[in-house]
Amino acid sequence: MQFTDEWLVPTLEPLLPDQAIAALRQEPAPTPVSLWETVVQRRLTGDEQILAAIATRFRFPVADMARIDPRVAQSVPEQLARRFNVVSVGETDSYLEIATANPFDIDAEKVLAFATGREVRMLLASPGRLRAMVDELYRGSDEVVTRLLEGISGDLEVKEIADEEEEAASAEEASQRPIIRLVDMMLADGVASRASDVHVEPIEGGVVVRYRIDGVLRQVMKIPRNAGLPLISRIKIMSGLDIADRLRPQDGRARVSVNGEAVDLRVSTLPATLGEKVVIRILSQRSTVLSLDALGMHEDEQRAVAALLSYKEGILLVTGPTGSGKTTTLYSAIRMIQSEGVNIVTVEDPVEYRLGKNIVQVQVHDKAGLTFASALRSILRQDPDVVLIGEIRDQETAQIALQASLTGHLVLSTLHTNDAPNAITRLVDMGMEPYKIASALRGVVAQRLMRRVCLACREVATDPVPNQVTRFVPAETTLYRAVGCPQCSQTGYRGRFSIVEVLAMNADLERRIGQGATADQIADGARENGMRSLWESGLRHVLKGESTLEELLRVTDVPQEEAPPRRPERERPGRTSREITPPPAAAPPPPSALDLMNLELVDEAPVAEGVTRRSVRGGGACVLLVEDEDQLRRVMKDLLEREGYTVAEARDGIHALDQVDRFAPDVIILDLNLPGLDGYSVLSQLRSRPATRDIPVMVLTAKGDEDNEVRVFELGADDFITKPFRARALSARLEAVLGRHRA
């Protein structure tokens, strides 16, 4: 027998007969059970004795369950109350008192703090009493229905009307000649319009058909419902789907000939409130030229990608969101290295294009057990030279792909990340060891698709350049705007091209990745190695007149101006004096982020004229903020900068030690739960080095128990703060620590 509350074992052992817990462990149980409830049910001890023992040992107060106000209890949503078996017994504007049988449930504390926007304080109660109280407080749905029925009188008549979507078109209706011609006309028009997808969507009274042309949807026709439903059934028949099953999503494929050209169709259906929505992906071999030259890259970008493909082993990743052309780029890469002497095998879901001879393509089939991971294992026994994986979705696939690349195979695959440096951190998040990634990875290509401005109707742009991009556009540069003409279907754009960010590995990047560097550090090293961002790649096309600024802003984000590194203002013994650069004025953080972290930011008292805020509080002191939760770190940084401090940041323990040497901070706010090197180890190393021995350290943690607090003070911490915290309290304690240190 396993217990869900193993933390109780040392506390209950003195209350129970000898070997009682050992005897319970020998009993079979299909799932873990509560030790507390088990010993009470078997009358080995009582709730009061257990509560008294826990309160004495851990100094937790016991909740008075007899004085619970139902209105206060409703401050905790029923779903959370039942999930964590808790009851709210008291509240103020800043904190919430929660009765619980497990005061060490950190997940419950975090979720309740987020849901209620208050600091959570734990009180003790027995699990059985809590469960009964939850049932009593949150019952009442039957009473509400009864009260509603009592207020209704009179004779009422209700008739059921069949919904329109319940009417299904039969196979005979779908096979009528006009319906067949309508589907043929729609597909032929979609191919002629260069559509990549055809969307057939049911609406009130009919069906709407929209084409996705150059990545943007355009409505082309509206069909009456009596023709729209048979049209959807006809598409399902063509793609081998079950027309009688309209309650589950289905996927199919078809191959048709449009004006003598073979076109592959991928069909997907989705049940909706007004009927089935159908999306047809058009895969035309003629309109899609699978070569790097046809992707529209700059010459230096093509050379960089070709250099990555020249490797005989390793991993090459293509990243970007759905619809950014990752698969087309991979197919183009495969075509570039395709030859009779190279064994190329792909595993895809689905197989979008048939690549021809000397390439074996495997279709994933989850229901049959043929997943990416299982297919990849079998492929590696087929002696491949190049393996293409449609997408790395999970840890198992990533692990096998990494191992394959380290054993002499060239592995090509895709990931869903925003840019190239984040592909490395995504693999680390999946559980891959950084040193293996560093040795296996050959490069990452992040890409987006931009629309090409129509050359037949483009005009010179006369509007002023937006302020945020002025610094990127040289003076006297001719820019164009999209107008619209019959050749581009009045959109102003015709065709698309790729903009890419090519990260090529070198010795410096391998060292950084192996040491667990953050995405920002990897990006800095890649830029030093010549990597251009997606924005820079797209801007070059705009300056050459191939697209517009509006399209560039639609596809990518404007880079933020990099602030100069902030240095500590005053000199420390054994350290050089560095000039401090004031930080830019920070806008108040969004309320949602502040509510999430339970911070209470209040307006400061008015500052006297001629006195800066920096001179009032922080005095320019440098704070190193070590926190792996990005959102919390951003909120705390903004708070501290508004108080007049300069802030350096670190996301993990190794990065924190580097930042200490780089910035020489006046004080360190250190989270304990860090990836890689944890906060305990960082604190121990800081206190063991003469240069950092005297830097005050404030420990920030969600583990607020007494043993943990004693441990960090024994390691040399100057203060101990538990999460969630209040902003003014953090500011006051930070000022007090600095004051004591300076004194």
Sidechain-backbone polar pair: [X] side chain, [Y] backbone, donor-acceptor under 3.5 Å:
X: Ser439; Y: Lys436; result: yes
X: Lys326; Y: Pro321; result: yes
X: Ser498; Y: Gly296; result: no
X: Glu551; Y: Arg451; result: yes
X: Gln338; Y: Ile359; result: no
X: Thr491; Y: Tyr493; result: yes
X: Asn529; Y: Ala504; result: yes
X: Gln515; Y: Ala517; result: no
X: Gln659; Y: Glu649; result: yes

N-O pairing of [X] and [Y] below 4.0 Å:
X: Arg303; Y: Asp300; answer: no
X: Asp524; Y: Arg527; answer: yes
X: Asp638; Y: Arg634; answer: no

Under the salt bridge (Lys or Arg N to Asp or Glu O under 4.0 Å) test against Arg651, which residue among Asp628, Asp630, Asp658, Asp671 passes?
Asp630
Sub-4.5 Å side-chain heavy-atom contact between [X] and [Y]:
X: Lys277; Y: Val279; value: yes
X: Glu301; Y: Leu295; value: no
X: Val502; Y: Ser537; value: no
X: Leu388; Y: Ile344; value: no
X: Met505; Y: Ile513; value: yes
X: Asp197; Y: Arg281; value: yes
X: Met430; Y: Arg426; value: yes
X: Leu187; Y: Leu265; value: yes

Testing the basics here: between [X] and [Y], what is the closest heavy-atom pair and its distance to 0.1 Å?
X: Pro434; Y: Val428; result: CG-CG2, 4.4 Å
X: Val278; Y: Val267; result: CG1-CG1, 3.8 Å
X: Leu534; Y: Ile499; result: CD2-O, 3.5 Å
X: Ala401; Y: Ile389; result: CB-CD1, 3.6 Å
X: Arg512; Y: Glu528; result: NH2-OE1, 3.6 Å
X: Leu415; Y: Ile392; result: CD2-O, 3.5 Å

Using salt bridge (Lys or Arg N to Asp or Glu O under 4.0 Å) as the criterion, list what pairs up with Glu546, not counting sequence neighbours.
Lys544
If the condition is salt bridge (Lys or Arg N to Asp or Glu O under 4.0 Å), which residues does Arg194 pass it with, not counting sequence neighbours?
Asp214
Give, for atom OG1 of Thr518 and atom CD1 of Ile522, the distance between the pair rounded to the nearest 0.5 Å.
7.0 Å
Evaluate the side chain to side chain contact (heavy atoms under 4.5 Å, CB included) criterion for residues Leu734 and Leu640: first the C-alpha distance (whole Å), next the side-chain angles of each, then the deciding distance (0.1 Å), finally the verdict.
CA-CA 10 Å; Leu734 177 60; Leu640 296 174; 3.6 Å; yes
Which residue is it: Leu412, Leu309, Val342? I am looking for the one with a side-chain contact (heavy atoms from CB on, under 4.5 Å) to Ile334.
Leu412
Is there a donor-acceptor contact under 3.5 Å linking the side chains of Tyr211 and Asp189?
yes
